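Contents: one structure, followed by commentary.
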Amino acid sequence: MSDDNLELWNRVEKTDPKHTKKAKIGGMSITAVAPQYQILNATREFGVYGQTWGFKNIDFDFSLVDKFKLVVFKATFFSPNGGECQIVNSSKIYMDRAETMVDSDFAKKMETDALTKVLSKMGFNADIFMGRFDDVKYVNEMKAEFTEKPSLDDSMLEGCADWSNEQKEAVKNKFKLTKKQLELLK
């Protein structure tokens with residue numbers, strides 16, 4: 001398998017912990033990623049939602065409501081360069097066990113869940129779906145990686161030609177540097 005096949009995956013697999021939360025689903029504790037964060041990252045990769053990527057041919061199948069209290073979401077996901085795949089998702093239509101309260105947001109929730117699933121298959125937020133967010137050490141690494149680094153004033157680099165490689169690396173790791181500043185540190 002070519003590393004080219006993993007190019008997109010490698011760009012989008014890591015998740016900024018600021019856009020996650022713990023959730024209980026069916027008694028299990030999971031890490032959930034904010035859907036709008038996923039849409040932001042997909043838009044960065046693919047372009048404008050609905051123009052170059054998204055769902056088309058959306059259909060809600062209500063044939064299972066009477067017997068199983070389920071609605072089925074079916075759609076075609078499309079992406080740039082003509083990529084397409086089918087996605088199917090189902091959800092209970094009622095919010096309560098007595099089946100008296102219809103979930104008025106079921107359609108929105110199903111579309112969002114389907115989008116999360118299809119994006120995860122392309123590698124978006126793979127670290128969550130591969131269980132890495134269960135490891136506190138990994139989450140702390142991601143917090144550090146996604147923390148915005150402060151800028152550095154050019155005057156602070158005076159005499160950097162005499163610095164050790166360790167000192168230069170420490171500055172590169174701690175500050176957001178311009179191209180000019182990076183050249184000075186070489």
Side-chain angles (χ1 to χ4, degrees), residues 6-50 52-79 83-149:
L6 295 173
E7 187 178 327
L8 174 64
W9 187 288
N10 291 334
R11 281 197 313 268
V12 299
E13 71 178 324
K14 293 180 179 177
T15 305
D16 183 343
K18 288 184 298 205
H19 301 287
T20 67
K21 65 179 179 180
K22 293 293 182 187
K24 290 262 187 199
I25 305 289
M28 291 178 32
S29 180
I30 66 163
T31 300
V33 60
Q36 206 63 23
Y37 175 68
Q38 290 185 302
I39 293 169
L40 168 72
N41 288 326
T43 299
R44 184 178 290 123
E45 291 295 327
F46 300 145
V48 177
Y49 181 84
T52 55
W53 71 279
F55 288 121
K56 62 183 181 180
N57 306 323
I58 294 174
D59 179 47
F60 289 94
D61 179 351
F62 294 89
S63 64
L64 299 177
V65 169
D66 289 338
K67 188 170 184 177
F68 299 106
K69 313 305 182 217
L70 290 176
V71 177
V72 178
F73 171 92
K74 299 175 185 176
T76 302
F77 179 83
F78 67 95
S79 61
E84 289 188 357
C85 66
Q86 301 303 309
I87 190 81
V88 177
N89 190 19
S90 63
S91 179
K92 293 190 182 267
I93 196 163
Y94 295 103
M95 295 177 68
D96 62 333
R97 289 182 189 219
E99 299 173 355
T100 59
M101 295 174 44
V102 173
D103 185 350
S104 61
D105 287 332
F106 77 88
K108 177 180 75 170
K109 290 175 182 176
M110 290 175 72
E111 183 176 348
T112 300
D113 288 348
L115 183 59
T116 292
K117 180 51 69 182
V118 77
L119 290 175
S120 75
K121 290 180 179 195
M122 290 186 277
F124 285 85
N125 312 106
D127 54 358
I128 289 175
F129 300 107
M130 294 174 77
R132 292 186 187 141
F133 265 67
D134 296 338
D135 179 355
V136 173
K137 182 179 175 189
Y138 178 81
V139 173
N140 288 336
E141 288 172 6
M142 289 301 98
K143 285 178 182 176
E145 184 172 324
F146 282 96
T147 298
E148 187 69 27
K149 296 177 182 177

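All of these numbers come straight from a predicted model, not from anything done at the bench. Side chains included, hydrogens not; waters and symmetry mates left out as well; all remaining heavy atoms used.
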(request) Kindly say whether Met101 contributes a backbone atom to a donor-acceptor pair with the side chain of Asp96 at under 3.5 angstrom? (result) yes

(request) Decide whether a cation-pi geometry holds between Lys69 and Tyr94; the criteria are a distance under 6.0 Å from NZ or CZ to the six-membered ring centre and an angle within 45° of the ring axis. (result) no

(request) Working to the nearest 0.5 Å, report the span between CD of Gln36 and OG1 of Thr112. (result) 9.0 Å

(message) Would you compute the distance between atom NZ of Lys117 and atom SG of Cys85 and round it to the nearest 0.5 angstrom?
(response) 12.0 Å

(message) Are the side chains of Met122 and Phe77 in contact, using a 4.5 Å heavy-atom criterion?
(response) yes

(request) Say whether Asn125 and Gln38, considering side chains only, have a donor N or O and an acceptor N or O under 3.5 Å apart. (result) yes

(request) Using a strict 4.0 Å threshold on nitrogen-to-oxygen distance, state whether Glu99 and Lys92 make a salt bridge. (result) no

(message) Nearest 0.5 Å, please: how far is CZ in Arg44 from CD1 in Ile39?
(response) 13.0 Å

(message) Looking at Tyr37 and Asp16, would you say the former's side chain and the latter's main chain have a donor-acceptor pair under 3.5 Å?
(response) yes

(request) Can you measure from OG1 (Thr15) to CD1 (Ile128) and round to the nearest 0.5 angstrom? (result) 4.0 Å

(message) Can you tell me how far apart CZ (Phe146) and NE2 (His19) are? Round to the nearest 0.5 Å.
(response) 8.5 Å

Result block: side-chain N/O donor-acceptor pairs under 3.5 angstrom for residues 133-145, not counting sequence neighbours:
unit_1	atom_1	unit_2	atom_2	d
Asp135	OD1	Lys137	N	3.0
Tyr138	OH	Asp127	OD2	2.8
Asn140	ND2	Val136	O	3.4
Glu145	OE1	Lys14	NZ	3.3
Glu145	OE2	Lys14	NZ	3.4

(message) Do Leu8 and Phe46 have side chains that approach each other closer than 4.5 Å (heavy atoms only, starting at C-beta)?
(response) yes

(message) I'd like to know if the side chain of Thr76 pairs up with that of Glu84 as donor and acceptor (distance under 3.5 Å, no hydrogens or angles considered).
(response) no

(request) Would you give the length of the straight line joining atom CG of Leu70 to atom OG of Ser91, rounded to the nearest 0.5 angstrom? (result) 7.5 Å

(message) Classify the ring geometry of Phe73 against Phe55: parallel below 30°, tilted from 30° to 60°, perpendicular beyond 60°.
(response) perpendicular

(request) For Ser79 and Trp53, work out which heavy atoms get closest and say how close. (result) CA-CB, 4.1 Å

(request) If the plane angle is over 60° it's perpendicular, under 30° parallel, otherwise tilted; pick one for Phe60 and Phe62. (result) tilted

(message) In the structure I gave you, are the side-chain heavy atoms of Ile30 and Lys22 within less than 4.5 Å of one another anywhere?
(response) no

